[in-house]
Amino acid sequence: MRIMVAMSGGVDSSVVAGLLAEAGHDVIGATLQLYDHGAAVQKKGACCAGQDIHDARDVADRLGIPHYVLDRESRFRDAVIGDFADSYARGETPIPCVRCNQTVKFQDLVALARDLGCEALATGHYARRVEGPGGPELRRAADPARDQSYFLFATTREQLAFTRFPLGDMPDKAAVRREAVRLGLAVAEKPDSQDICFVPTGRYHDLVAKLRPEAAEAGDIVDTDGRVLGRHQGMARYTVGQARGLGLPGGAEGGLRVAALDSGRRRIIVAPAASIPVAEVPVGEVNWLVDPPTAPFRAEAKFRAREVPQPVTAEWDAASARLLVRPDAPVISAPGQGCVLYGGDRVLGGGFIRAARPAVVDAAAPAA
C-alpha cells in the first residue's frame, strides 16, 4: 500500500520507514517542524526541530523515499505549548505528548496522508493495533517497558483505523536498534528523546513564567483548614502528591504532601501523606475506543504514565459527558494527567483527570 511514515528523526520512526520500504510498500516520509528556538535545536534527544529534521531527511535519502517537512510551529505553539502553560496556570499537571498526538500529529498528518493518496499513516509508537470483531483495537505493546498506549488514549476510532504501529510487537528497544543497524541507518545509536521536547533545559517553570506570569507568582502554602504554613514560589513548580520543595519546617517537609492547588487564590494545599489518595477520580474530555458503556463496569486504569494498571469500577454519564472512576484502593490523582481504562491489554478509552478535592475553607480569624 501507499503509506506515510511520521518521521521524527529518531531511531524508532526511521526503522518503521525502513521496514515498510523493505516490505515493498510505497512509503512517503513526513516530518513536523514544531519549534526552532534556542538550545532545543542542538539538544541531543529532542525531536521535530533542527538536527532531527536533517536526520529524518538523511534516512529518507538512504531508503530512497520522498520526504516532506511540514511547518507547524504556529499550530504547535497554540495547541500544545499554550495549553501546557494554561494547564499549569489552572493548577493542573499537563501531559503535552497527549495533546501533541491529539492535535498536531494525528490530525495534520492523517489529513496530509489522505491528500497524498495514502492508505495509512505509520508511526514509531510502541503500541499495537489489532483488527477485532468490531473494528481496529488499540492494545499495549509487547514490551511493557516501552508501551506508549497511555499517550494514545485520545486517538479517535477513525484515526486508529487509518494508523499503523509497526513496532508494537518488537520485544524490546535493543531489537529496534539492531534493525536500524541491519538497515544501515545512521541513527541506530541516536539517544531517545528525553523530557519535554520544547523545554531543552528541563526548567519548564521558566517557560510557564514567560507565557503565563501568574503561574509563577508566589503565594501561600496552607493546610486543609486554610492555616498558612509557608510560602511557595509559583504554582507551576508543584503537582498533587509532591513532597519535596515545599520548604516547610519539621524535617522531610514535616510529612506533608501537596493535596491540591487553588489557582484562583494561588494557594498550595498540603496534607499528611496518608490523606492524599482519593477514592473517586472524575475524568473529562473522554475519548472512547469502544462503544460507551451504559452501566457501571469493571476495568483497569492508569492514572500516570509509568504506573501499573489497577482494578477500578468506572461509570460513564453520557448526559454530562463525565466519567467517574472508583479504584479498588485509593490513588493519588493529579488534575491534568490522563486516566486511561484498559480491558486486559486493550485500551477502552480515557480522558483528563479533573480536580477531586473541594477548595479548603479559610481558617478562622486569629484571636485578638
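The shown structure was predicted, so the numbers you read here are calculated from the model rather than taken from an experiment.
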Participant: Donor-acceptor check, side chain of Q337 to backbone of T93, threshold 3.5 angstrom: yes or no?
Facilitator: yes
Participant: Where is the tightest heavy-atom contact between V325 and C339, given as atom of each residue plus distance?
Facilitator: CG2-SG, 3.9 Å
Participant: Any salt bridge linking R146 with D172? Criterion: basic side-chain nitrogen under 4.0 Å from a carboxylate oxygen.
Facilitator: no
Participant: Between R164 and E119, does at least one N-O distance fall below 4.0 Å, as a salt bridge requires?
Facilitator: no
Participant: Run through V222, L229, D262, I221 and flag the one making a side chain to side chain contact (heavy atoms under 4.5 Å, CB included) with I268.
Facilitator: I221
Participant: Is E300 salt-bridged to R298, going by a charged N under 4.0 Å from an acidic O?
Facilitator: no
Participant: Let me confirm one number: the CD1-CG distance from I28 to L112, rounded to the nearest 0.5 Å.
Facilitator: 8.0 Å
Participant: Nearest 0.5 Å please: distance from the CE atom of M7 over to the OG1 atom of T123.
Facilitator: 12.5 Å
Participant: Please confirm whether the backbone N or O of G9 pairs with a side-chain atom of K190, one donor and one acceptor, at under 3.5 Å?
Facilitator: yes
Participant: Applying side-chain contact (heavy atoms from CB on, under 4.5 Å) to V176 and K173, what does each step give before you reach the verdict?
Facilitator: CA-CA 5 Å; V176 176; K173 184 59 175 273; 4.2 Å; yes
Participant: Y342 ring centre to R140 NZ or CZ under 6.0 Å, with the angle to the axis within 45°?
Facilitator: yes
Participant: Step by step, work out the side-chain contact (heavy atoms from CB on, under 4.5 Å) result for L341 and W316.
Facilitator: CA-CA 12 Å; L341 298 177; W316 169 244; over 6 Å; no
Participant: Just verifying a value: how many Å separate L256 CG and T224 OG1, rounded to the nearest 0.5 Å?
Facilitator: 9.5 Å
Participant: Look up atom CZ in R99 and atom CZ in F84, then write down how far apart they are to the nearest 0.5 Å.
Facilitator: 13.0 Å
Participant: Roughly how far apart are L121 CG and I3 CD1, rounded to 0.5 Å?
Facilitator: 7.5 Å
Participant: Name the residue from R57, H54, H67 that meets the side-chain hydrogen bond (donor to acceptor under 3.5 Å, both in side chains) definition with T31.
Facilitator: H67
Participant: Has the side chain of Y204 got a donor or acceptor atom that lies under 3.5 Å from a matching backbone atom of A236?
Facilitator: yes
Participant: Keeping the roles fixed (side chain from Y150, backbone from G338), state whether a donor-acceptor pair exists under 3.5 Å.
Facilitator: yes
Participant: Look at the side chain of R266 and the backbone N and O of D220, then say whether any donor-acceptor pair between them is shorter than 3.5 Å.
Facilitator: no
Participant: Are the charged groups of D192 and R177 less than 4.0 angstrom apart, N to O?
Facilitator: yes
Participant: For R237 and H232, indicate whether the former's side chain and the latter's backbone hold a donor-acceptor pair under 3.5 Å.
Facilitator: no
Participant: Should D147 and R128 count as an ion pair when the cut-off is N to O under 4.0 Å?
Facilitator: no
Participant: Does a side-chain N-to-carboxylate-O contact under 4.0 Å join E280 and R326?
Facilitator: yes
Participant: For A329 and Q310, work out which heavy atoms get closest and say how close.
Facilitator: O-OE1, 4.0 Å
Participant: Is the distance from the ring center of F153 to that of F352 below 6.0 Å?
Facilitator: yes
Participant: So, E92 side chain and P94 main chain: donor-acceptor pair closer than 3.5 Å or not?
Facilitator: no
Participant: Of all heavy-atom pairs between A21 and I65, which one has the smallest distance, and what is that distance?
Facilitator: CB-CG2, 4.4 Å
Participant: For F165, what residues pass the ring-ring contact (aromatic ring centres under 6.0 Å, His included) criterion, not counting sequence neighbours?
Facilitator: none
Participant: Set out, in order, the CA-CA distance, both residues' side-chain angles and the distance that settles side-chain contact (heavy atoms from CB on, under 4.5 Å) for F106 and T156, then state yes or no.
Facilitator: CA-CA 9 Å; F106 282 95; T156 67; over 6 Å; no
Participant: Does NZ or CZ of R77 come closer than 6.0 Å to the centre of the six-membered ring of F198, within 45° of the ring's axis?
Facilitator: no
Participant: How far apart are the closest heavy atoms of V27 and P66, and which atoms are they?
Facilitator: O-CD, 3.5 Å
Participant: Please report the closest heavy-atom contact between R304 and A334, naming both atoms and the distance.
Facilitator: NH2-CB, 3.7 Å
Participant: Counting distance only, does the side-chain N/O of D55 pair as donor-acceptor with the main-chain N or O of G10 below 3.5 Å?
Facilitator: no
Participant: Who pairs with A79 by side chain to side chain contact (heavy atoms under 4.5 Å, CB included), at least two apart in sequence or on another chain?
Facilitator: T103
Participant: Between the main-chain N or O of S8 and the side-chain N or O of S13, is there a donor-acceptor pair closer than 3.5 Å?
Facilitator: yes
Participant: For R257 versus A273, what's the shortest heavy-atom pair and its separation?
Facilitator: NE-CB, 3.4 Å
Participant: Going from CD on E285 to CZ on R322, what distance comes out if it is rounded to the nearest 0.5 angstrom?
Facilitator: 9.5 Å
